[in-house]
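Remember, predicted model here, so these are calculated numbers, not experimental data. In listed order, ligands and their atoms are each counted from 1.
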Amino acid sequence: MRSPKRLPLAHAPTPLTPLMSPAKARAGAAFLGALAGADVWVKRDDMTGGPEAGNKIRKLEYLLAEAVERGADTIVTCGGLQSNHARATALVSVQLGMKPVLLLRTTSPELDVRRAPLSGNVLIDRMLGAEIQLITPAQYRERATLMSDVAARLEAEGRRPYVIPEGGSNGLGSFGYVRAMEEVRRQLDLGLGGGRRFDLVVHACGSGGTAAGVALGASRYEVADEVVPFAVCDDRAYFEAVIQRIVAEARAMDAGLVAPAKLRVEDRAKGPAYAVASDAQKALLVEAARETALLFDPVYTGKAFFGLVEAGRRGELDGKRVLFLHTGGLPGLLAQGDDLAAALG
Ligand SMILES: *Cc1c(COP(=O)(O)O)cnc(C)c1O
């Protein structure tokens with residue numbers, strides 16, 4: 001068996017860069033003290049594309065290859081109202097001539113997308129003409145059933161739907177991050193990123209597919225010994241189970257995959273709630289932008305970076321080579337501008 005088919009959609013290889021230039025590091029931002037003992041590199045998967053950028057496009061390379069192979073003309077998926085995954089899916093679907101149908105979760109009671117705020121990801125979804133159905137958190141818990149009901153309705157109308165699970169996170173989607181780790185291996189072999197394997201890969205975790213692929217790819221391509229996904233919702237036990245299921249699915253599809261790297265899910269940096277950052281997390285977002293020109297978002301990458309800095313403060317990273325995977329999320333930052341006003345000073 002070999003890896004599943006893929007469509008080349010991402011702009012790759014993405015850069016592998018030091019967290020900051022040596023000159024900047026000497027100048028010394030406050031959070032740098034916490035990371036001073038570590039050798040931190042950033043894999044810029046916020047640069048996998050233009051408006052479709054972020055980690056989701058790597059999974060979509062495999063998922064949409066299957067959709068095309070099956071002759072799909074409609075892509076059904078789900079997420080929060082400001083879902084990066086839904087936005088990336090909508091973009092690539094339109095690019096490939098398929099109609100995106102998005103089930104988006106919201107707490108606002110009126111459930112009419114025309115009255116939802118036009119910002120960030122959902123603005124892009126609307127620009128693309130995606131068919132959007134707003135759903136409640138209770139409905140979202142039944143998302144798999146809901147999506148198959150939508151698919152059945154579309155089939156009855158003579159369409160050919162292909163359903164992508166939350167976050168594109170299943171065995172097939174996770175191959176996007178197996179491949180991303182192969183890409184890092186090639187970069188290390190060229191002497192980039194310090195040229196040697198990492199001790200750990202750190203990234204934000206929201207639906208588990210990235211963590212599963214990174215763990216499988218990190219061992220297969222000898223990129224790192226350990227993967228530390230920072231949960232942005234739910235908890236450690238939940239994600240350990242989800243990630244193990246995805247890993248098993250992927251390994252059943254490709255016998256070339258060896259056992260995954262050690263996974264240590266962290267849930268200490270998830271903040272007050274999904275998509276809500278603490279004041280300290282917001283302050284770090286701003287400080288990181290000003291010192292490194294990296295734009296992290298309050299939903300995903302900002303929380304993972306916060307978790308990384310906290311681990312550094314506890315001395316856990318001393319002497320370690322760390323790969324921080326920047327998974328994108330810029331539209332999510334743009335959608336929360338008003339909530340950052342206080343942190344901007
Ligand atoms: C979806 C997403 C993640 C989490 O990836 P999963 O594979 O869903 O765990 C992290 N960062 C950003 C910006 C995302 O959009």
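Those atoms of ligand 1 that come under 4.0 Å of a heavy atom in Gly329, given as number and element, are 13 (C). Proximity to Ser169 (heavy-atom distance under 4.0 Å) selects the following atoms of ligand 1: 7 (O). In summary, the atoms of ligand 1 found under 4.0 Å from a heavy atom of Gly208, numbered by their order in the structure, are 6 (P), 9 (O). Below 4.0 Å from some heavy atom of Gly328 lie the following atoms of ligand 1, by number and element: 13 (C).
Nearest protein neighbour of atom 2 (C) of ligand 1, counting heavy atoms only, is Lys56 NZ, 2.3 Å. Here the protein heavy atom with the shortest distance to atom 11 (N) of ligand 1 is Thr327 OG1, 2.6 Å. Closest to atom 4 (C) of ligand 1, if we only count protein heavy atoms, is Gly206 N, 3.4 Å.
Evaluated for a salt bridge (Lys or Arg N to Asp or Glu O under 4.0 Å) with Glu157, the options Arg159, Arg160, Arg153 yield exactly one hit, Arg153. Between Arg87 and the options Leu123, Ile124, Leu128, a side-chain contact (heavy atoms from CB on, under 4.5 Å) holds for only Ile124. Considering Val228, Val202, Leu19, Leu284 as possible partners of Leu308, the one that fulfils the side-chain contact (heavy atoms from CB on, under 4.5 Å) test is Val202.
By the 30° and 60° cut-offs, the orientation of the rings of Phe324 relative to Phe296 is perpendicular.
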Show your reasoning for whether salt bridge (Lys or Arg N to Asp or Glu O under 4.0 Å) applies to Glu310 and Arg268.
CA-CA 9 Å; Glu310 292 283 286; Arg268 281 184 276 188; over 6 Å; no
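At least one N/O-N/O distance between Lys59 and ligand 1 falls below 3.5 Å.
Contact analysis leaves His203 out of contact with ligand 1, as no non-hydrogen atom separation drops below 4.0 angstrom. Heavy-atom separations between Cys205 and ligand 1 include at least one value shorter than 4.0 Å. Ligand 1 is approached by Gly209 to a heavy-atom distance shorter than 4.0 Å.
Checked by atom type, the side-chain pair Thr210/His203 shows no donor-acceptor distance below 3.5 Å.
Of the listed residues (Asn84, Asp45, Asn55), the one carrying the non-hydrogen atom nearest atom 3 (C) of ligand 1 is Asn55. Compare Ser207, Ser83, Ala88, Gly168 by their heavy atoms: the one nearest to atom 6 (P) of ligand 1 is in Ser207.
Ion pairing of Asp225 with Arg197 is present here, as a side-chain N (NZ or NE/NH1/NH2) and a carboxylate O approach within less than 4.0 Å. For the pair Glu183 and Arg58, the salt-bridge criterion is met [side-chain N within less than 4.0 Å of a carboxylate O].
In the hydrophobic cluster analysis, where Ile, Leu, Val, Met, Phe, Trp and Tyr join through side-chain heavy atoms closer than 4.5 angstrom, Met147 is grouped apart from Leu102.
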